[in-house]
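Read through the structure below, which is laid out as structure tokens, and then see the notes.
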There are 2 protein chains.
Amino acid sequence: MARLPFSPEAIARAEAARASTPPAAIDPRVEALVNQLIGRVADKWTMLVLEALAEHGLLRFTALARAVPGVSQKMLTQTLRQMERDGLITRIVHPVVPPKVEYRLTKLGEGLGAAFCGVWIWAEENLVEVEEARRAFDERAADV
Amino acid sequence: MARLPFSPEAIARAEAARASTPPAAIDPRVEALVNQLIGRVADKWTMLVLEALAEHGLLRFTALARAVPGVSQKMLTQTLRQMERDGLITRIVHPVVPPKVEYRLTKLGEGLGAAFCGVWIWAEENLVEVEEARRAFDERAADV
DNA sequence: TTCTATACTTACCGAATGGAGAGTGTCGAT
DNA sequence: ATCGACACTCTCCATTCGGTAAGTATAGAA
């Protein structure tokens, strides 16, 4: 993102984690689980919700719907449930009428946000290069 | 990953990129493009191919198929085409019979691999925590 | 002559994804 | 009495994803 919603502390934590990673521990079962977890977590809406919450701190349902452009109610609910189940966000229900529900990131969610920061930056920095590569590729394909 | 397939140089480059990121440049169109690019790039097979190539350097089609467990020919071809189009990999065709085609990461692809490294490490480090969160969530749900 | 290896491509089909839109329950305001 | 706000939930439908299986082209081996 141009707008970097993750705190310097969160990034520092992520970097510390990276630095302290043990060099070798090749367990295929762990590998499979990690792949699965990444598949779960690296989806469009999850990443956008993550960003919105990292930026605003505390949001209720409709505010979140506005903050995540293009999301449908269905997808937002679904994404929020999954993220809650995975321990990435906390859901705070105020038993009032009309209903009021607030969402915020947990420590775990903040950590993930920081980890994704690198990818976001990569995308931002290499956007043009990727677009050029695509143009070149399509041109080559058109020649044939 | 337990196995970290990305070179220290690539990681260093990614970290340098992060450090030098300008603090504010909020263009919603860029934002949309970045989101789109991430959606394109953060998919299961792309990430597994990225990892396999980072680890082995140079692989031909059937070797890749073996290195990426569970991938079908169709998905592998599709993924490789997309990655080539996006400039993440180079496809080297040797005009011999039987055909011989080799794939390797470009600089761009290496950069993306390094960027994803953080997410991978996060997943590895927080796997247990996520699983606990899920268990707790499901228990709470069962109570109701 | 038939078989094998390689790197695909194409056709088909079921499963999963995800959007649109309507319905739900309750309370306060009009 | 009806309406709107809120946070969903449910149903229907189109699109996409992804697997299986078969086909293609070519040369050397059996």
Side-chain angles (χ1 to χ4, degrees), chain A residues 32 35-50 52-53 56 58-86 89-104 137-138 140-142 144, chain B residues 32 35-50 52-53 56 58-86 89-104 137 140-141 144:
Chain A
N35 285 352
Q36 191 191 319
L37 177 55
I38 288 182
R40 177 50 270 296
V41 121
D43 104 298
K44 189 182 167 187
W45 299 130
T46 301
M47 291 187 38
L48 293 176
V49 167
L50 206 62
L53 284 177
H56 294 96
L58 190 68
L59 284 174
R60 42 197 303 202
F61 190 83
T62 42
L64 212 40
R66 270 192 302 273
V68 178
V71 73
S72 66
Q73 276 193 342
K74 180 184 167 181
M75 277 301 102
L76 185 55
T77 317
Q78 211 173 96
T79 306
L80 289 171
R81 281 301 116 74
Q82 280 181 334
M83 292 177 75
E84 194 196 354
R85 184 167 116 92
D86 291 340
I89 58 173
T90 314
R91 183 164 174 267
I92 307 145
V93 184
H94 303 268
V96 297
V97 157
K100 178 172 179 179
V101 181
E102 289 172 322
Y103 298 90
R104 69 153 31 132
F137 182 91
D138 294 347
R140 253 176 294 152
V144 185
Chain B
N35 286 351
Q36 190 190 321
L37 177 55
I38 288 182
R40 175 51 268 297
V41 121
D43 105 296
K44 188 182 168 187
W45 298 128
T46 302
M47 291 187 38
L48 293 177
V49 168
L50 205 62
L53 285 176
H56 294 97
L58 189 69
L59 285 173
R60 41 195 304 200
F61 190 82
T62 42
L64 253 177
R66 269 191 303 273
V68 178
V71 73
S72 66
Q73 276 194 342
K74 180 184 166 182
M75 278 299 103
L76 184 54
T77 318
Q78 211 173 95
T79 306
L80 289 170
R81 282 300 116 73
Q82 280 181 336
M83 291 176 77
E84 194 195 354
R85 184 166 116 93
D86 291 341
I89 58 174
T90 314
R91 183 164 174 268
I92 305 145
V93 184
H94 303 269
V96 295
V97 157
K100 178 171 178 180
V101 182
E102 289 173 321
Y103 298 91
R104 69 154 30 134
F137 183 92
R140 253 176 294 151
V144 183

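Just so we're on the same page: letters track the sequence lines, and every chain starts at 1.
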Seminar exercise, completed: note: B:L76, atom CG; C:dC8, atom P; distance rounded to Å ~ 8 Å

For this session: Kindly indicate whether the side chain of B:R91, heavy atoms from C-beta on, has any atom under 4.5 Å from the side chain of B:L80.
Result: no

Seminar exercise, completed: Output for pair (B:R104 CZ, B:L58 CG), nearest 0.5 Å, gives 5.0 Å

Seminar exercise, completed: d(A:K100 NZ, A:I92 CD1) to nearest 0.5 Å is 10.0 Å

For this session: Specify the residues of residues 94-102 of chain B, ordered by number, for which at least one heavy atom lies under 4.0 angstrom from an atom of DNA chain C.
Result: B:P98, B:P99, B:K100, B:V101

For this session: Considering just the side-chain nitrogens and oxygens of B:R60, establish if one lies under 4.0 Å of OP1 or OP2 belonging to C:dT6.
Result: no

For this session: Nearest 0.5 Å please: distance from the CG atom of A:L50 over to the OG1 atom of A:T79.
Result: 11.5 Å

Between the protein and nucleotides 14-19 of chain C, are there any N/O to N/O pairs under 3.5 Å, and if so, what are the atom names and distances?
residue : atom : partner : partner atom : Å
C:dG18  : N7   : A:K74   : NZ           : 3.0
C:dG19  : OP2  : A:S72   : OG           : 3.0
C:dG19  : N7   : A:K74   : NZ           : 3.4
C:dG19  : O6   : A:K74   : NZ           : 2.4

Exercise. For DNA chain C, whose closest nucleotide is more 5', that of A:Q73 or that of B:R81?
Worked result: B:R81

Problem set entry | Interatomic spacing from CD1 in B:I89 to CD in B:E102 - rounded to 0.5 Å | 12.5 Å

Exercise. Which pair of non-hydrogen atoms, one from B:A63 and one from B:L59, has the smallest distance, and what is that distance?
Worked result: CB-CD2, 3.8 Å

Problem set entry | B:R40: partners by salt bridge (charged side-chain N to carboxylate O under 4.0 Å, His left out), with sequence neighbours left out | B:D86

Problem set entry | Which residues share a side-chain contact (heavy atoms from CB on, under 4.5 Å) with A:V68, sequence neighbours left out | A:W45, A:L48, A:V49, A:A52, A:V71

Exercise. Just to confirm, is there a sub-4.0 Å distance from OP1 or OP2 of C:dA7 to any side-chain nitrogen or oxygen of B:T62?
Worked result: yes

Problem set entry | Interatomic spacing from NZ in B:K44 to CG in A:D43 - rounded to 0.5 Å | 14.0 Å

Exercise. Just how large is the angle between the end axes of the helix from C:dT1-D:dA30 to C:dT30-D:dA1, five pairs per end, to 10 degrees?
Worked result: 30°

Problem set entry | For A:H56 against A:A67, the heavy-atom pair lying closest together | CE1-CB, 4.4 Å

Exercise. What are the 5'-most and 3'-most nucleotides of DNA chain D lying under 4.0 Å from any heavy atom of chain A?
Worked result: D:dA5 to D:dT9

Exercise. Going from NE2 on B:H94 to CZ on B:R60, what distance comes out if it is rounded to the nearest 0.5 angstrom?
Worked result: 8.0 Å

For this session: Please answer whether the main-chain N or O of A:Q73 pairs with a side-chain N or O of A:T77 as donor and acceptor at a distance below 3.5 Å.
Result: yes

For this session: Would you indicate whether the side-chain heavy atoms of A:Q78 and A:R81 approach each other to under 4.5 Å?
Result: no

